Amino acid sequence: MCTLEKRGNLFLLTLTGDNEHRFNPDAIATILSLLGQAKSQAKRGSVLITTGHGKFFSNGFDLAWAQSSGSLSGAAERLHQMVESFKPVVAALLDLPMPTIAALNGHAAAAGLMLALSHDYIFMRKDRGVLYMSEVDIGLSMPDYFAAMIRSKIGTSAARREVLLSGKKIRGEEAVVLGIVDSAAHDSAEGVVEATVGLAEKLAAKKWKGDVYASIRKSLYPELCEILGLKATIFATPKL
């Protein structure tokens, strides 16, 4: 399902298995637990990298699990359960006292793209993988914190329109042009992870105070953090 590996100052969170890495309650709970472990072990110089195995980074919520309830009302209840239980995952990433980097090994769709956008940096492959918000195509409305994430992390109205209102599958080079990801110059899953490790090591060398880093991050996204119930803390202990 997913694992957390510690390599010196770096934490590597990996969505495991050659599948779509769909988020159901068990998967969401596991990710949240592992983020809690990373937070509890954080120190100056810690950095989190999140990646996956196989063709998909994540294809979003487990809609098959929702539909297996056997009724429309049951499916709606299960979908609502996933939306609400995923919200603390986004909050945990924004509150994590360390820099965070998403290394997209493949496609990131719907809640999978939300997971990626919850990180400070996003690297994609050049040869494989798209970003895709499927809601307009499959007839689902947008959760409030999803919409706030898009407004917070994607800078222009034209780019937000491309992501949310066109059903477009955006490849790496275009995602860089639109300002959604930071890099898409990598030819393999191994290459994108290697590139993110390089960035992570540079960030780790800064040895910033994690609580200050998290507070500054949260101050950048006031609307999103208000929806998530997060508050930035003011620190008055400058390094002279």
Side-chain angles (χ1 to χ4, degrees), residues 2 10-15 20-21 23 31 35 47-60 86 89-90 92-94 96 98-137 142 145-204 213 216-217 220-221 224:
C2 58
L10 309 187
F11 293 93
L12 184 64
L13 178 65
T14 305
L15 306 175
E20 296 184 7
H21 305 138
F23 301 141
I31 294 169
L35 290 174
V47 181
L48 175 79
I49 297 171
T50 303
T51 191
H53 291 159
K55 182 179 178 181
F56 289 87
F57 176 71
S58 170
N59 208 18
F86 189 69
V89 171
V90 174
L93 281 163
L94 291 177
L96 203 63
M98 65 186 77
T100 59
I101 311 169
L104 305 190
N105 55 293
H107 307 309
L113 178 52
M114 290 300 106
L115 180 67
L117 288 171
S118 299
H119 292 72
D120 300 322
Y121 302 89
I122 305 174
F123 282 28
M124 285 183 74
R125 293 172 61 168
K126 178 172 64 176
D127 63 324
R128 175 183 292 180
V130 298
L131 309 180
Y132 174 46
M133 290 302 289
S134 57
E135 283 78 0
V136 71
D137 285 334
M142 187 69 54
Y145 68 99
F146 277 34
M149 177 71 79
I150 295 292
R151 289 192 295 270
S152 297
K153 291 295 190 88
I154 299 179
T156 70
S157 59
R160 294 191 291 269
R161 182 187 64 222
E162 287 294 280
V163 173
L164 292 183
L165 297 178
S166 73
K168 187 174 184 178
K169 296 178 180 178
I170 301 170
R171 299 190 65 84
E173 291 183 356
E174 183 179 4
V176 172
V177 172
L178 291 172
I180 304 170
V181 308
D182 300 281
S183 174
H186 318 290
D187 292 321
S188 66
E190 294 77 14
V192 76
V193 171
E194 181 180 349
T196 57
V197 168
L199 173 59
E201 289 174 344
K202 291 178 181 178
L203 295 171
Y213 186 92
I216 295 171
R217 178 200 287 130
L220 291 175
Y221 313 117
L224 176 59

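Everything numeric in this text was worked out from a predicted model, so none of it was measured.
Considering only heavy atoms from C-beta on, Arg160 comes within 4.5 Å of Ser157 through its side chain. Counting heavy atoms from C-beta outward, Leu93 and Leu35 have side chains that approach closer than 4.5 Å. Two residues are said to be in side-chain contact when any heavy atoms from C-beta on lie closer than 4.5 Å; Leu104 and Val192 fail this criterion. In this structure, Val47 and Thr100 have side chains that are not in contact, with every pair of non-hydrogen atoms separated by 4.5 Å or more. The side-chain heavy atoms of Tyr121 and Val181, taken from C-beta on, include no pair separated by under 4.5 Å. By the 4.5 Å heavy-atom criterion applied to side chains, Glu20 and Ser58 are not counted as neighbours. Under the 4.5 Å side-chain criterion, counting only non-hydrogen atoms from C-beta, Leu48 is in contact with Leu96. Contact check for Thr51 versus Leu15: no side-chain heavy atoms found under the 4.5 Å cut-off.
By the ring pair (Phe, Tyr, Trp, His ring centres under 6.0 Å) test, Phe57 is found to be paired with no residue, residues two or more places apart in sequence or in another chain being considered. With sequence neighbours left out, the side-chain hydrogen bond (donor to acceptor under 3.5 Å, both in side chains) criterion links Thr50 to His119. Judged as a side-chain hydrogen bond (donor to acceptor under 3.5 Å, both in side chains), and not counting sequence neighbours, His107 has no contacts. Legend: residues meeting side chain to side chain contact (heavy atoms under 4.5 Å, CB included) with Arg171, ordered by chain and number and at least two apart, are Val130. Take Tyr132 and apply the ring pair (Phe, Tyr, Trp, His ring centres under 6.0 Å) test, not counting sequence neighbours, and it matches no residue. For Phe11, there are no ring pair (Phe, Tyr, Trp, His ring centres under 6.0 Å) partners two or more places apart in sequence or in a different chain. Residues meeting the side chain to side chain contact (heavy atoms under 4.5 Å, CB included) test with Glu135, sequence neighbours left out: Ala110, Met133, Leu140, Met142, Phe146. Applying the salt bridge (charged side-chain N to carboxylate O under 4.0 Å, His left out) rule to Arg161 yields no partners; only residues at least two apart in sequence or on another chain are considered. Partners of Tyr145 under the ring pair (Phe, Tyr, Trp, His ring centres under 6.0 Å) rule, at least two apart in sequence or in another chain, do not exist in this structure. Every residue two or more places apart in sequence or in another chain that forms a salt bridge (charged side-chain N to carboxylate O under 4.0 Å, His left out) with Glu162 is listed here: Lys168.
Atom OG1 in Thr14 sits 9.5 Å away from atom NE2 in His21 (nearest 0.5 Å). Atom CG of Leu115 is separated from atom CG of Leu13 by 8.0 Å, given to the nearest 0.5 angstrom. Within the model, atoms CZ of Phe123 and CD of Glu194 stand 11.5 Å from one another, a figure rounded to the nearest 0.5 Å. Taken to the nearest 0.5 Å, the CG atom of Leu220 stands 9.0 Å off from the NZ atom of Lys153. With rounding to the nearest 0.5 Å, the separation of CG in Leu203 from CE in Met98 is 12.0 Å. Note that CD1 of Ile180 is 4.5 Å distant from CD1 of Ile154, once rounded to the nearest 0.5 Å.
Sorted by first and then second residue, the ring-ring contact (aromatic ring centres under 6.0 Å, His included) pairs with a member in residues 166-185 form an empty list; sequence neighbours excluded. Applying the salt bridge (Lys or Arg N to Asp or Glu O under 4.0 Å) test to pairs two or more places apart or on separate chains, those with a residue in residues 112-128 are Asp120-Arg217, Arg125-Asp127, Lys126-Asp187.
In this structure a side-chain-to-backbone donor-acceptor pair under 3.5 Å is present from Asn105 to Gly52. Of the possible polar contacts, one joining the Thr156 side chain to the Ala159 backbone as a donor-acceptor pair under 3.5 Å is found.
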